[in-house]
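Scroll down for the structure; my scribbles are underneath it.
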Amino acid sequence: MGNLPFAIGFVVVVALLAVTHRLWVPALGHGAASTWRIAKITVAEARRRRVVQAVVVLVLLVLLFMNFFSYLNPREQARMIISGGLSAITVFGILLAIFVAAFLIPQELENRTVYAVLSKPVRRFEFVLGKYLGAMIILAVIMTIMTVVLVGVLLVQDHFVPDFDHSVFEPNLDNVIFAAVMSYFAVAVLAAYIVLISTVSSTAMTVIASFLIWAIGSLQSQIHDLAEAAETVFQKWFFTMFYWIMPPLENFDFRHEVSNFMHVSYRAGINAAGEGVLYIIIVLIVASIFFNDRQM
Amino acid sequence: MVSDEIVLQIEGLSKIFRSLFAPTGVKAVDSLSLSVRRGETYSIVGPNGSGKTTTLKIVLGLIFPTSGTASIFGGNVADVSVRERIGFLPEDAYLYDVFTGEELLDFYAGLFGYPARRRKELVDELLSLVGMQANRRVPFRECSKGMRQRLALAQALVNDPELLILDEPTSGLDPAGRHQMTELIFELKRRGKTILLCSHFLAEVEEVCDRVGIMYRGRLVAEGTLAELAGAPTEIVITTSGLAPEGASRVGAHSAVLGIDGDAVRMGQESSDELWSVLDAIREAGARVGEVRRPRPSLQDVFVRAIRQDAGEQDVAEEVH
Amino acid sequence: MSDRRNRNLVLLLLAAGLLLMTVPLQESIHELRPHVFDPERKTKRVSAINIGPMPAVIAALGGFRTVAADVLWLRVERDFHGGNWWEIPSLLDAVNQLDPHFLLAWEVHGWHLAYNLHAESETLVDRRHYLGRGIAVLEDAVEANPDSWELTKELAWTLYDRGREPWRAAEYFRRADEFPESKSYVTRMIYRCYEGVLDIPNLMEALEYARNRHTDPNVADDVQHQVIVNDNYNWWLQHKDDPLEHRRQIVKENTARAQRSRPFYLYPDNPHWDVCPHCGLPSPKGSEFCSTYGHPMKPSSGSSRSPGGSRPPAEATSI
């Protein structure tokens, strides 16, 4: 069913890349190098600003207070810790993504640090990509730390909570880690959208729009329902477009399955990750179109 | 030093900024044409809002012209290879403020793909050029304005550019800082760099540049060497002290004297005998001679004159420093 | 100028091409996670059109249904222990809407309605109402979680024990029994349902079925199951054409059930309870220790009897 659009898309992409190869192939090496340098300095800047430390302390506090459900039965306790912990990871990840990504480029413009970089042999796309990658590295570090803490809490609780024969404390570690990784993809996709918005709008608007996109992206299945249930052609067309344009955040949300100890489809996760990477590339391409045309 | 090779060519450049509030647009640059030759120091001078920075940004590809072209080394500035040969000092330059001078320069040098060892040498060299060796480990945000500006200049020099574009290099600096910056620009000029700078501060330009283009309301209203613009000196000014009114009227009666403004006696470019006789007249009037000058019209005068001619307006001088 | 426009066009086409390439990925995700994406899925979590409970809608905006369900669940817990029983159904409604895969919440919801509130109700109409609601909730639960044998069993049990619908109950027990992780007592409950209403043909069939299930001699549970089922099977084989014996058996069982819920001291020959010699409270027959305070049930000669407040042993109170 999806093979025809895929084939069309694939042909278009390959054809375009082939036709324009003289433009982008020679730029690849140097472009990758400067992208990486910009990513690195973005990370270094965040480290100097002690963004990571502040967030980590906050999250440690939240996660360490996860063991106050001791009056519940073991399975419920596990559920509470897993769903609360994964949600904490996702929320902090997303809030951080919003505040890091929304300021990533506007801050450069406002401080005029961008001029010194863009007057060097750096393409604007490389600049956008480098800043985005830098933010992603920061977020990856933070979310990894949070996940490690959550796993630690689960292991400790598993050791201390006495199991009943009808209710067992199940740390469900594989799935918890899997869900955390998928949350990272959600954060990455959302961050790409935020970077896109920040190239065309003011910071305050970007932050507001980011929250909106986050909410809409989380209602992905509802929009899909609306598209399926549409009564007129226009409605169907509108909701379908909307569905494909908004970030597919629900694809990455496995918290529900994991905290209910349901079957988790890793296959769906891998597909979602692939789709997420494609979405990130698409959104960054659009962002670079806007950024390329931006008057600075 | 100045060769005939044209490094920067701007032709018929116009830029109209359109916005919600000005749907018809604001004309920032209006059919501007100029060219800079290799080894030359060219200065665009004009009051705030005359379109200098806009022009530089168009040249650098940071904004896009509404019409006309700007080419550097015969190429488009959108081309990355062109940018490897230019350096840019932005106005009120601000760099990533958590990093120290050497880290910043290392980063900017890295953008040109230089290997680590070369970067290290380069950073040392540049820091000593701009006199920041001692403060190399001071974070940018803790630097003084002068230090920041010098670091920003060093950042523009990491690739040993052939063309250097400086936007208001001395703005906001104290006299000492201004002097240092001017010295640095002289040094770069001596090294054979082509320099395009823009400023609304006329004195600095006067000292440094070979050619000046005066911009006003987006247009180039006058262009040429300083001598061309200013013309030859036409009068002698004698500064006196203790010139009494009746003595002044006696001095004023001298045939060579053009006029007296307070303590300053202005006279035409006559022979030295005439000069001596005027000096005698002043001494006889019981006044002392402080200084004898043959002033060339300052760029300021040229500037005001050019703008007056162009705009036919009265009080443009107010807009000029 | 047109250079830039061309490049932008190429980039846009590229983006469109890549977007088309995501179509099969998304479709496979729809197939792999039908409980999230299938438009025909049994419970749409929170419908955007029919706005459900407010907390559900708000939580849905950020994808925090599960956490919101947790918070409400903690409130259910508090209300339950605080005796605020009548508030619980609405909270549990929200929990089920927010997280329809939270099995325990469904189970507790159905049980609370069909047992606790049913028992607490003062009129027959109310009782019927809460029983019906409890069963309806469990039906929804099974519909939302067709993969859960526990909920199916819970529904079956409620239908059997409270709903007096043994045939439907048997049907759901049968369904629960089809899950590999189901327990052997579920298998036995199928024929128990028919037993109570003397549906002999179905009963014999269910017994046959139970005899052929759980036959692994290496699993202790299976061996025990075989013993129980064979016992029952033999009994029914012997008496299946003897209605009088059936009647007797029913009376026996009903008496036993009645006795289980009557004050034990009214039935000194109560076959289900032993009385603790220390505190005088009842414990299930044959217990080694008192189930209330853990006293040893066999009176030890050496130990002194606890003083005042303790009930005399059963022998002393026989009427």
Side-chain angles (χ1 to χ4, degrees), chain A residues 22-24 26-52 103-105 107-127 129-131 134 138 201-202 288-296, chain B residues 15 17-19 28 53-54 56-66 77-100 103-114 119 139-141 151-156 158-159 161 164-165 167:
Chain A
R22 223 167 284 155
L23 296 175
W24 60 268
L28 227 47
H30 184 253
S34 42
T35 304
W36 181 235
R37 287 203 72 85
I38 291 168
K40 276 204 300 195
I41 201 158
T42 309
V43 174
E45 200 183 352
R47 277 185 58 185
R48 291 278 167 92
R49 293 192 195 284
R50 308 199 177 274
V51 174
V52 180
F103 288 94
L104 214 52
I105 288 171
Q107 188 102 7
E108 293 260 344
L109 293 173
E110 203 167 306
N111 288 344
R112 300 181 305 275
T113 43
V114 70
Y115 297 133
V117 178
L118 286 187
S119 57
K120 306 281 180 293
V122 174
R123 287 180 187 80
R124 291 192 183 185
F125 177 69
E126 293 159 14
F127 182 73
L129 188 62
K131 293 302 280 182
I138 300 164
S201 96
S202 70
S288 77
I289 291 176
F290 287 133
F291 196 60
N292 274 331
D293 284 355
R294 180 161 181 146
Q295 316 262 346
M296 278 180 282
Chain B
K15 176 69 193 176
F17 284 115
R18 286 199 175 80
S19 72
T53 300
T54 307
L56 292 195
K57 282 183 177 176
I58 292 173
V59 166
L60 285 158
L62 292 171
I63 57 178
F64 310 105
T66 312
V77 77
D79 193 352
V80 165
S81 63
V82 168
R83 267 184 268 160
E84 279 171 6
R85 299 164 69 183
I86 62 179
F88 175 52
L89 168 72
E91 183 180 2
D92 282 334
Y94 202 77
L95 308 178
Y96 297 112
D97 60 6
V98 290
F99 297 109
T100 64
E103 287 166 330
L104 283 168
L105 292 183
D106 183 75
F107 164 67
Y108 290 115
L111 291 180
F112 288 92
Y114 298 150
R119 288 207 300 269
F140 188 79
R141 62 175 155 206
L151 271 180
L153 183 64
Q155 150 304 114
V158 282
N159 54 333
L164 201 53
I165 297 174
D167 194 355

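Naming: A, B, ... by sequence-line order, numbering from 1 per chain.
Between the side chain of A:Arg123 and the main chain of B:Val80, no donor-acceptor pair closer than 3.5 Å is present. The backbone N or O of B:Pro90 sits nowhere less than 3.5 Å from a side-chain atom of A:Arg112 that would complete a donor-acceptor pair.
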- Task: Evaluate the salt bridge (Lys or Arg N to Asp or Glu O under 4.0 Å) criterion for residues B:Asp97 and A:Arg48: first the C-alpha distance (whole Å), next the side-chain angles of each, then the deciding distance (0.1 Å), finally the verdict.
- Result: CA-CA 10 Å; B:Asp97 60 6; A:Arg48 291 278 167 92; over 6 Å; no

- Message: side-chain contact (heavy atoms from CB on, under 4.5 Å) for A:Ile38 and B:Leu111? Distances and angles first, verdict last.
- Response: CA-CA 8 Å; A:Ile38 291 168; B:Leu111 291 180; 4.1 Å; yes

- Task: Decide salt bridge (Lys or Arg N to Asp or Glu O under 4.0 Å) for A:Arg37 and B:Asp106; before the verdict, give the C-alpha distance in whole Å, the side-chain angles of both, and the deciding distance to 0.1 Å.
- Result: CA-CA 10 Å; A:Arg37 287 203 72 85; B:Asp106 183 75; 3.6 Å; yes

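Only the side chain of B:Glu103 comes within contact range of chain A, judged by heavy atoms closer than 4.5 Å. With a 4.5 Å cut-off on non-hydrogen atoms, B:Val158 touches chain A through its side chain but not through its backbone. Contacts of A:Ala116 with chain B are made by both backbone and side-chain atoms, with heavy-atom separations under 4.5 Å. Only the side chain of A:Arg124 has a heavy atom closer than 4.5 Å to any heavy atom of chain B. The contact between B:Leu60 and chain A is made entirely by side chain atoms (from C-beta outward), counting heavy-atom distances below 4.5 Å. Neither the backbone nor the side chain of B:Asn159 comes within contact range of chain A; no heavy atom of the residue lies under 4.5 Å from a heavy atom of that chain.
Shown here is A:Arg49, whose CZ atom has more than 12 heavy atoms of other residues, nucleotides or ligands within 6.0 Å. Within a 6.0 Å radius of CD in A:Glu110, other residues, nucleotides and ligands contribute 12 heavy atoms or fewer.
Atom-to-atom distance recorded for B:Leu62:CG and A:Ser119:OG is 7.0 Å, nearest 0.5 angstrom. Between the NZ atom of B:Lys57 and the OH atom of A:Tyr115 there is a distance of 3.0 Å, given to the nearest 0.5 Å.
The candidate with the highest count of non-hydrogen atom pairs below 4.5 Å against chain A, out of B:Gln155, B:Glu84, B:Arg85, is B:Gln155.
Under the side chain to side chain contact (heavy atoms under 4.5 Å, CB included) criterion, B:Tyr96 pairs with A:Ile41, A:Glu45, A:Glu108, A:Thr113, A:Val117, A:Phe127, A:Lys131, B:Phe99, B:Leu104, B:Phe107, B:Tyr108, not counting sequence neighbours.
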